Amino acid sequence: MSATQEPIRLAEIFRFLAQTMRYPESSWFTDDFLSVFKELLVQLGHVPQKSLPAKITDAILEEIQVDYTRLFINGVPHVVAPPYASIYIDGTLNSTTADKTREYFRSHGFDITTNEFPDHLVTELDFIALLEDEKQGSSEEFLRLYFRPWFAQFRDLVLAEAEVSYLKTAVEVIDFFTRIETEADSGQAA
Amino acid sequence: MAFNLTRRKFLQTATLAAASVPLANVVTAQAGVAKSPFTPSGTMADKTMVGGICEMCFWRCQLVGKVRGNKLMKLEGNPKSIDNGQSICARGNAGVQLLYDRDRLKYPMKNVGQRGAPKWKRISWDEALDTCAKKLKATEQKFGAKGICMFPHGASAKYPMQYLEHTVGTPNVSEASFFQCRGIRDTAFLATIGTPPGENVDMANAKVIFGLGCHFGENVHVSHTKRYLKGLENGAKLIIVDPRFSASAAKADEWVAVKPGTDTALMLGMMNYIIQQGKHNKAFIDKHGIGFAEFKESIAEWTIEKTAQTCDVPADQIKRVADLLADNAPNVSIHPGRHVSWHGNDFQRQRSLGCMMGLLGAMGVKGSFVKGKGPKGVGKVGWPKGEHHVEAMHVAAGIYPYSPPGTPTDLIRDAAITGAPYPIKSCVIWGQNPIQTIPNQQKTIDMLKQMDFVMCVDVMPTDITMYADILLPEASYLERYDFIKTGTQWDLSGKQQQYISARMPMVMADFERKDQVYITNEIAKRMGYGDKIPVSALPEMVDMQLAGAGLSIAKLIAEDGIHLQPGIDPYGVADDLLVYFNNAEIADYGYPASPTYIAVEEVPAGHFRLLYGRSPVHTFNRTQNNVWLHHAMPENPVWINDEMAKELSLVNGDRVYCVNSEGVKSRNTTIVKVTPGIRKDCVYMAHGYGTKNPAMSVGAGAGIDDQALITILAVDPETGCHGMRNNFVKLVKA
Ligand code: SF4
């Protein structure tokens, strides 16, 4: 069995999802990356939409970068969907929500390593991946208490406002993997 | 898009076999979270960081920061401070909010849209620095260093400003703090008493405090306010000359509601009266005065009657005020003011204030103009001067002989727009928002539109950043080393002490924010000036400066951020002090040698003169997006006289636009404040509201941007500085 045929681990998926929401740069936002992304969609039951690029060109990369900047960093008239929990929970950046998030990391034996805020979407996905690495399913509490309460609002803003379909799709995939599944969901699909 | 399966199902069935590479291979980034020792909740230790120096305004109070993790929780005055002490003002406290403002710039960005209608793309620092250096170098090679101009502000702009001025060699640098603020004061006092005055009046020990347009309490600078309040507490009489019943006027013994623009006439009338009464300080004038006879003759026309008529102030009040000053001289604080770029006749007014000090001998004695004697030895570190010296435009043209350092703003704007006397094609804007600091916004926009390159370095997306090609995010004053603050105890009559402190970071910079030394050095290297770099990093610069005083960052930290040493009695008058009542050198340049009143344009019918000032909870436009401060004063009500309001059928709280006499309408509205506490010929609002950049999500649309209404340009002939109170508005109900 080749590496690609092994069952996929949830931790790996979260690590990948974190990558999808990093600022796209030519060093990693490549045709290979896109191929994995599209294949993931296929496995989720979707034929990749035509609106996703066939190949990454400089122009396509720039289009995604500009949309990413407008949505998440500095937009006109203003940032559409700041990717920070604090904004949605407390209305400000780096608020008590960010503090509590970091406390949660630390109380589980982890801490932030970059100068991003702890409640950034990518940081939270990185953390979820690490929890899942340790034990599959162990991120559920964090998802329920910390991630989902803000992510749903964030998702709606991106879906309503993003111009490039890659970012919309990535957010939808994150939504799928972070959703809290009920017993009924699991039973039905099993 | 809906996914009609569950995660469990997906994990059971999915493979990514069809992808070109394995999943893990395309995940290249280092995770933002890693294993670390297990730490129970609530155990993150708090630290007190010393060495903070506030820069929510220019006063630079000494701070400590309460920090948890790398998060600043609270700022307080440094208990060791003999300047501001433990006190900081509302803005100082709100520095925490600036640090974590959601709209703050985080990464370098490139404008892939238009100047003024930007479309931003995050780029790497390398790309940003390469672009800045390449564009600036291209301008330098094609047009010479003078083809580059700079608009700097604040402590962080000093290092890059020196690089461009000294090493690259452009004289085209214009600081708002000079040309739209205090430059006139400094050069006028230099030409009168031989020194720029700062705000060095010993108000705490004065018998009378005299403020011309000073609105203490609305402008808050902690140790300065302490001096003022201590003086009042000790029984000083307060005289406030202001068309408006300001916070200071409310405490005053005499509120002189002068007609705007006629202040110089008022000063001349009072000085003439004091001389006529024989109440001037003859001994002081004999010893230190130059040209007193000519001065006396020159102001003799300013009888009480003429002064009263010109200034629209009762004759009796002019006499009362003049007597109060003379009878309490020399222990009188004649405040030199700070923001003095009012009417384009300001050099003469500032000279008259210096002459009043001389006339009363109110210098060097308790309660008068006294400069504290601060510590010596702090070294200077700077960029070396290049070989090519280009004369500034005003020097080459023989105009504005009393210009403050730099080049008068309009010479730069005009040269850029017209190409004469030479083209200016690159613009560096560092910490300043020229859209809201310089009058006639359209002219600033026209200047920027014709540039080959515009770069901005700032902490916030201010209006001017909309016109940048490259926008760089800067570490704030809470995230870097730099400014060395020295001085003495705030009460000059107290125990004589001196202090030396240096700005130290309270927290490390988040995201990709960088400091001025990094940014400047990287650009310099790429422009071929790498061999001229004076320091490799900010802490090195601070240590080199401190070494001159036998100190270092480490020593300062060990001393809780502030080094104290015995001080020197500041009182006494130097034998060689000269007060130029009449200054022949000024006449040589073709301007009045003795202070002279130059009338300003009358208010056109149906209009009001637009006056502006400070709010205690804002530092002009710099703090308008700060949500804490915004809550304290969300917009800038326009004050209007109650009788005039009645004529216009306006009541308190009505919402209005302002339209100026050239037809420019304010973008936003504000509320009306109806009050008998303002003259009938003017309206007033706090300056620095209503940013037009929607990226400032708190400040945008909040209040009226008064600078947008200041379109008629007045330029002070001696200094080249702007006068910004010669515009006239109507109020139109929204
Ligand atoms: S007066 Fe206020 S804003 Fe200005 S430096 Fe002091 S604390 Fe900061």
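No experiment lies behind these values; they were computed from the predicted model shown. Just so we're on the same page: letters track the sequence lines, and every chain starts at 1.
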Structural part of [X] lying under 4.5 Å from a heavy atom of chain B:
X	result
A/Leu40	both
A/Phe177	both
A/Leu10	both
A/Val36	both
A/Thr20	neither
A/Glu63	neither
A/Leu159	neither
A/Tyr84	side chain
A/Gln19	side chain

Between [X] and [Y], is any pair of side-chain heavy atoms under 4.5 Å apart?
X	Y	answer
B/Lys71	A/Asn94	yes
B/Leu11	A/Gln136	yes
A/Ile73	B/Met109	yes
A/Val66	B/Trp120	no
A/Phe176	B/Leu5	yes
B/Phe3	A/Glu172	yes
B/Thr39	A/Ser107	no
B/Val112	A/Glu62	yes

Around atom [atom1] of [X], are there more than 12 heavy atoms from other residues, nucleotides or ligands closer than 6.0 Å?
X	atom1	value
B/Met508	CE	no
A/Asp58	CG	no
B/Lys110	NZ	no
A/Gln153	CD	yes

inquiry  = Consider side chain to side chain contact (heavy atoms under 4.5 Å, CB included). Of A/Phe29, A/Phe37, A/Phe33, which one does B/Val26 pass it with?
reply    = A/Phe33
Ignoring hydrogens, what is the shortest heavy-atom contact between [X] and [Y]? Give both atom names and the distance.
X	Y	answer
A/Arg102	B/Asn70	NH1-N, 3.7 Å
B/Tyr100	A/Leu93	O-CB, 3.2 Å
B/Ala31	A/Thr113	O-OG1, 3.2 Å
A/Phe105	B/Val33	CE1-CG2, 4.1 Å
A/Arg22	B/Ala29	NE-CB, 3.1 Å
A/Leu44	B/Phe10	CD2-CD1, 3.6 Å

At a heavy-atom separation under 4.5 Å, does [X] approach chain A through its side chain, its backbone, both, or neither?
X	answer
B/Pro118	both
B/Asp101	backbone
B/Leu105	side chain

ask   = To the nearest 0.5 Å, what is the distance between CZ (B/Phe38) and CZ (A/Arg106)?
value = 11.0 Å
query = In Å, rounded to the nearest 0.5 Å, how long is the span from CZ of A/Phe72 to NZ of B/Lys106?
reply =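 That separation rounds to 12.5 Å.
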query = Are A/Glu134 and B/Lys35 within salt-bridge range, i.e. N to O under 4.0 Å?
reply =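 Salt bridge between A/Glu134 and B/Lys35, a charged N being under 4.0 Å from a carboxylate O: yes.
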task = Test A/Thr92 against B/Arg102 for side-chain contact (heavy atoms from CB on, under 4.5 Å), laying out the working first.
result = CA-CA 6 Å; A/Thr92 59; B/Arg102 61 188 281 178; over 6 Å; no
Taking every heavy-atom pair that is under 4.5 Å apart, which of [options] has the most such pairs with chain B?
options	value
A/Thr114, A/Val79, A/Asp99	A/Asp99
A/Asp31, A/Thr123, A/Asn74	A/Asn74
A/Pro77, A/Ala18, A/Ser95	A/Pro77

note = Ranking B/Ala34, B/Pro40, B/Ala509 by heavy-atom pairs under 4.5 Å to chain A gives rank one to B/Ala34
Using modelled atom types only, decide if a donor and an acceptor are shared between the side chain of [X] and the backbone of [Y] within a distance under 3.5 Å.
X	Y	value
A/Asn115	B/Phe511	yes
A/Thr69	B/Arg122	yes
B/Thr28	A/Trp28	no
B/Arg7	A/Arg179	yes

